[in-house]
Amino acid sequence: MQNRTSCAPLVVLISGRGSNLRSLVQATASGELQCEVAGVISNRGDAPGLAWAAGKGLATQVVDHRDYADRATFDFALADAVNAMAGSTADPADAPWVVLAGFMRILGEPFVSRHQGRIVNIHPSLLPLYPGLHTHRQALADRALLHGATVHLVTARLDHGPILAQAIAPVLAGDSEDALADRVLAMEHRLYPLALQWLVSGRARVEGGRVLLDERDAIEERILLHPLLGGTPYGADPT
Ligand code: GRF
């Protein structure tokens, strides 16, 4: 098992309420996620998650996209802020993990290339379905039976990149957008710490654009089922 101090720091990027941030911080406290959160950066000074983080004594910073002339300048400033917050040295082993948790700005090549292979995102859909916004609304409009969330490595293409893990939840009769969002969010809170721990511990790695867990595809271990789907609990032997 990985020792806390050998994990590179996590820098969490948010824009809003920060419920995934809270679940990640709780997971570091419980030891499920064996890393330290170096701090939280938001592009919005009024993000409720930022106030929560400050109240917990975490370092916080605002990098407001409106203060920059264009996307690239914002990307460079954000990349610098991440490194400064993590206290990064020139040693690549020291490179922080950049954890997107409801960060509502598209990150372009300047940012992605600076933090290549170290940026992780959670998206509320079963990618590649429904990249972008209003995923729950789209699932309902499509009369989908299944919906969910995806944790993936970030590339410069929106909501795209090697998939680490997915959580699957049912769409129930009469679901409102909010009811479906809440069901998926509860799964997100379980999925993100789990998938991040695989990554930071080296259990999961990317090879040729796909994710290997313990050197295997291990698809069955990388799917988390909502209890209503009758799946065996994560890690249990289904046979
Ligand atoms: C989550 O649904 C996440 O998947 C998406 O943005 C939402 C953020 O929610 N990327 P919160 O701020 O973590 O509560």
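Order of listing sets the numbers, starting from 1, for every ligand and every atom in it. Remember, it's a predicted structure, so these values are computed and weren't measured experimentally. We're numbering straight along the sequence, starting at 1.
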Using a 3.5 Å cut-off on N/O to N/O, what pairs does ligand 1 make with the protein? A line per pair would be great.
| unit_1 | atom_1 | unit_2 | atom_2 | d |
| --- | --- | --- | --- | --- |
| ligand 1 | 2 (O) | E188 | OE1 | 3.3 |
| ligand 1 | 2 (O) | E188 | OE2 | 3.0 |
| ligand 1 | 4 (O) | I122 | O | 3.4 |
| ligand 1 | 4 (O) | E188 | OE1 | 2.7 |
| ligand 1 | 4 (O) | E188 | OE2 | 3.3 |
| ligand 1 | 9 (O) | R17 | NH2 | 3.2 |
| ligand 1 | 10 (N) | I122 | O | 2.9 |
| ligand 1 | 12 (O) | G18 | N | 2.8 |
| ligand 1 | 13 (O) | S19 | N | 3.3 |
| ligand 1 | 13 (O) | N20 | N | 2.8 |
| ligand 1 | 13 (O) | N20 | ND2 | 3.0 |
| ligand 1 | 14 (O) | R17 | NE | 2.5 |
| ligand 1 | 14 (O) | R17 | NH2 | 3.4 |
| ligand 1 | 14 (O) | S19 | N | 2.9 |
| ligand 1 | 14 (O) | S19 | OG | 2.5 |

#### Entry: Counterpart residues, side chain to side chain donor-acceptor pair (under 3.5 Å), relative to N43 (two or more places apart)
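Testing N43 for side chain to side chain donor-acceptor pair (under 3.5 Å), a comparison that skips the adjacent residues, returns S15, H65.
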### Task
Go through the structure and list residues passing ring-ring contact (aromatic ring centres under 6.0 Å, His included) with F103, not counting sequence neighbours.
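If we apply the ring-ring contact (aromatic ring centres under 6.0 Å, His included) test to F103, skipping adjacent residues, there are no hits.
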#### Entry: Pair H136 + H147: ring centers closer than 6.0 Å
yes
### Message
I'd like to check the salt bridge (Lys or Arg N to Asp or Glu O under 4.0 Å) partners of R143; sequence neighbours left out, ordered by chain and number.
### Response
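Partners of R143 by the salt bridge (Lys or Arg N to Asp or Glu O under 4.0 Å) criterion come out as none, since no residue qualifies.
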### Query
Roughly how far, to the nearest 0.5 Å, is CZ of R183 from CG of D175?
4.0 Å
### Query
So, for V25 and T28, which heavy atoms are closest and what is the spacing to 0.1 Å?
O-OG1, 2.6 Å
